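Here the structure comes first, spelled out in structure tokens, and everything after it is commentary.
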Amino acid sequence: MSNLSPEWQAMAKLVSQFYAKADAEPFREPVDWQSLGLFDYPQVIKKPMDLGLVKKKVNEGKYKSIHDASDDVRLIWKNCMTYNADGSDFYNLAQTMAKKFEEKFEKLCAQNDVGGYSGEGGAVEEPTIEDKRAFAKGLYKISKEELGKVITDLETKCPKALIKNSAEDEVEINVDNISPVAFREVVDYVNSCGAGGSSSGGGGRKKKSRTR
């Protein structure tokens, strides 16, 4: 670790801290789906990831940027929330870990002057009102499955942007609470989906967006 730059030392420390957490046990090693009898796991989860692998790749300098490393950490929580039912113990644990990680990672970026999260001098500019409105309109043009992916991405990258109403089984996206980096990523995804998707209405959990 001594050969790493300050920002990479901080990233290695952050990953190690999460690896050492008592409730991180399910995320330290690859999911042993065969022993657990989870035979649909390889079909549902296309890119498995675990903290042990991220820790190894960080220490070996395999990532181009700390944002690439953080994306792999987010993938761990995302995989867990994708495979496990919303509201289950594993889902809730992954959601809690995701929120804690984002708080720590945002602080790490600010302390090490890494662009992306800081509104002051960060590499990614704050979206304009027009950007937010265009994004909100775009959500109505993508399919229910594509909208579900946006929600899942925001759950891992920017949980504060989601407002859940369990009574009505509804999730609301508060566009104003999406961080600049997460905003650019979900906008790019929505734009890549095009306007040809099926309606986002219909069965399953309802989702809507708002800008203040």
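All values reported here derive from a predicted model rather than from experimental measurement. Just so you know, residue 1 is the first one in the sequence shown, and it goes up from there.
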Can any side-chain N or O of [X] pair as donor or acceptor with the backbone N or O of [Y] at less than 3.5 Å?
X: Asn174; Y: Leu162; result: no
X: Ser35; Y: Asp32; result: no
X: Asp50; Y: Leu53; result: yes

Are [Y] and [X] connected into the same hydrophobic cluster when the rule is that any two of I, L, V, M, F, W, Y join if their side-chain heavy atoms are below 4.5 Å apart?
X: Met81; Y: Val44; value: no
X: Leu147; Y: Val187; value: yes
X: Phe39; Y: Val31; value: yes
X: Val175; Y: Tyr189; value: yes

Side-chain donor-acceptor pair present, Thr128, Asp131, cut-off under 3.5 Å:
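Note: Thr128 and Asp131 side chains meet the donor-acceptor criterion.
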More than 12 foreign heavy atoms under 6.0 Å from [atom1] of [X]: is that the case here?
X: Lys62; atom1: NZ; value: no
X: Asp188; atom1: CG; value: yes
X: Lys57; atom1: NZ; value: yes
X: Gln17; atom1: CD; value: yes

Nearest-0.5 Å distance that lies between atom [atom1] in [X] and atom [atom2] in [Y]:
X: Tyr19; Y: Glu25; atom1: OH; atom2: CD; value: 10.0 Å
X: Leu75; Y: Lys46; atom1: CG; atom2: NZ; value: 13.5 Å
X: Gln95; Y: Lys99; atom1: CD; atom2: NZ; value: 9.0 Å
X: Phe101; Y: Leu14; atom1: CZ; atom2: CG; value: 5.0 Å
X: Thr96; Y: Asp23; atom1: OG1; atom2: CG; value: 8.0 Å
X: Thr82; Y: Tyr91; atom1: OG1; atom2: OH; value: 8.5 Å

Would you call [X]-[Y] a salt bridge at under 4.0 Å N-O?
X: Lys78; Y: Glu155; result: no
X: Lys132; Y: Asp176; result: yes
X: Asp72; Y: Lys47; result: yes
X: Asp153; Y: Lys149; result: yes
X: Glu60; Y: Lys56; result: yes

Smallest separation among heavy atoms of [X] and [Y], with atom names:
X: Leu93; Y: Pro26; value: CD2-CG, 4.1 Å
X: Arg28; Y: Ala20; value: NH2-O, 3.8 Å
X: Leu108; Y: Glu7; value: CD2-O, 4.4 Å
X: Ala24; Y: Leu51; value: CB-CD1, 4.1 Å
X: Met11; Y: Ser70; value: CE-N, 3.8 Å
X: Ala161; Y: Ile178; value: CB-CG1, 3.5 Å

Can you list the steps and then say if Phe27 with Cys80 is a side chain to side chain contact (heavy atoms under 4.5 Å, CB included)?
CA-CA 9 Å; Phe27 310 112; Cys80 184; 3.8 Å; yes
Tyr83 and Asp40: CA distance, side-chain angles, deciding distance, side chain to side chain contact (heavy atoms under 4.5 Å, CB included) verdict:
CA-CA 9 Å; Tyr83 188 78; Asp40 62 339; 2.5 Å; yes
How are the rings of Phe18 and Trp77 set relative to one another: parallel (under 30°), tilted (30 to 60°) or perpendicular (over 60°)?
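Answer is tilted, since the angle falls between 30° and 60°.
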